[in-house]
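Reading through the structure tokens given below for one structure.
Only heavy atoms go into these numbers, but all of them, side chains included; no hydrogens, no water, no symmetry mates. The residues of the chain are indexed from 1 along the displayed sequence.
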Amino acid sequence: MNSNIQITKRDGTKEDLDLDKLHKVVFYACEGITGVSVSEVELRSHIQFYTGMKSVDIQETLIKSAADLISEETPGYQYVGGRLINYHLRKMPWRLVVPRVI
């Protein structure tokens, strides 16, 4: 599902907000983990989308949402958060992760 809201990607380009894409990322993070809910992570994030919002901010909000759901009763959310962090790190440009050697 696309909307008229434009988000700013990590490379500075703009694209339409694709809620299906966001849902797929959270679904992947929850896949195979017992006692977790995709919709709970999405609802807990309380993301308020606006034009110009950065994709990095969306990802970080989802990570925090999963972390906030971790409890003794629902320990699986630690793995959801870990997968979301892993996805976030893989998407980061290398120039931000690894110092340049001259």
Side-chain angles (χ1 to χ4, degrees):
M1 175 178 160
N2 290 329
S3 68
N4 294 332
I5 296 173
Q6 291 276 306
I7 61 162
T8 304
K9 296 179 65 170
R10 295 168 200 263
D11 64 3
T13 61
K14 307 259 190 222
E15 79 173 25
D16 287 341
L17 172 65
D18 186 348
L19 295 176
D20 289 334
K21 191 175 182 182
L22 183 134
H23 181 73
K24 285 178 187 176
V25 169
V26 179
F27 181 81
Y28 160 76
C30 293
E31 191 173 26
I33 301 173
T34 306
V36 299
S37 165
V38 171
S39 57
E40 190 66 32
V41 174
E42 292 173 345
L43 289 173
R44 183 66 171 242
S45 68
H46 299 291
I47 297 176
Q48 296 181 11
F49 299 106
Y50 56 90
T51 294
M53 183 175 199
K54 296 179 181 178
S55 61
V56 171
D57 295 336
I58 296 170
Q59 188 69 27
E60 289 174 355
T61 301
L62 291 172
I63 292 166
K64 177 149 180 19
S65 173
D68 288 346
L69 289 166
I70 299 169
S71 70
E72 286 186 29
E73 295 79 29
T74 56
Y77 285 106
Q78 67 186 315
Y79 303 110
V80 174
R83 287 179 178 177
L84 289 169
I85 290 169
N86 187 21
Y87 179 77
H88 181 56
L89 291 173
R90 285 193 340 244
K91 297 285 278 183
M92 292 181 80
W94 282 104
R95 67 184 183 282
L96 296 177
V97 178
V98 179
R100 290 180 67 186
V101 178
I102 299 175

Output the distance between atom [atom1] ([X]) and atom [atom2] ([Y]), rounded to the nearest 0.5 Å.
X: Lys64; Y: Leu69; atom1: NZ; atom2: CG; value: 10.0 Å
X: Asp16; Y: Ile5; atom1: CG; atom2: CD1; value: 9.5 Å
X: His23; Y: Asp18; atom1: NE2; atom2: CG; value: 11.5 Å
X: Ser65; Y: Glu42; atom1: OG; atom2: CD; value: 9.0 Å
X: Glu15; Y: Lys9; atom1: CD; atom2: NZ; value: 4.0 Å
X: Arg44; Y: Ser39; atom1: CZ; atom2: OG; value: 13.0 Å

Taking all non-hydrogen atoms of both residues into account, name the closest pair between [X] and [Y] and its distance.
X: Ala66; Y: Val41; result: N-CG1, 4.5 Å
X: Ile7; Y: Ser55; result: CD1-CB, 4.2 Å
X: Thr74; Y: Ser71; result: OG1-OG, 2.8 Å

(request) May I ask you to decide if Asp57's main-chain N or O and Thr61's side chain share a donor-acceptor pair within less than 3.5 Å? (result)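 Indeed, once roles are kept as given, a pair shorter than 3.5 Å links the two residues.
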
(message) Test your reading of the model: is there a side-chain donor-acceptor pair from Ser45 to the backbone of Leu62, 3.5 Å cut-off?
(response)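 Side chain of Ser45 to backbone of Leu62, a donor-acceptor pair under 3.5 Å: no, none is there.
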
(request) Could you walk me through whether Leu17 and Met53 pass the side chain to side chain contact (heavy atoms under 4.5 Å, CB included) test, one step at a time? (result) CA-CA 9 Å; Leu17 172 65; Met53 183 175 199; over 6 Å; no

Report yes if the side chains of [X] and [Y] come closer than 4.5 Å at any heavy-atom pair, otherwise no.
X: Lys91; Y: Arg10; value: yes
X: Val36; Y: Glu40; value: no
X: Tyr77; Y: Asp68; value: no
X: His88; Y: Val56; value: yes
X: Ile33; Y: Arg83; value: yes
X: Lys14; Y: Thr51; value: no

(message) Between Leu43 and Leu84, is there shared hydrophobic-cluster membership here, with clusters defined by ILVMFWY side-chain heavy atoms closer than 4.5 Å?
(response) no

(message) With clusters defined by side-chain heavy atoms of hydrophobic residues (ILVMFWY) lying less than 4.5 Å apart, directly or transitively, does Val38 cluster with Tyr28?
(response) no

(message) Can you tell me if Phe49 has over 12 outside heavy atoms packed within less than 6.0 Å of its CZ?
(response)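 It does: Phe49 CZ has more than 12 such atoms within range.
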
(request) Report the C-alpha separation of Lys24 and Asp20 in whole Å, then their side-chain angles, then the decisive distance to 0.1 Å, and conclude whether the salt bridge (Lys or Arg N to Asp or Glu O under 4.0 Å) test is met. (result) CA-CA 6 Å; Lys24 285 178 187 176; Asp20 289 334; over 6 Å; no

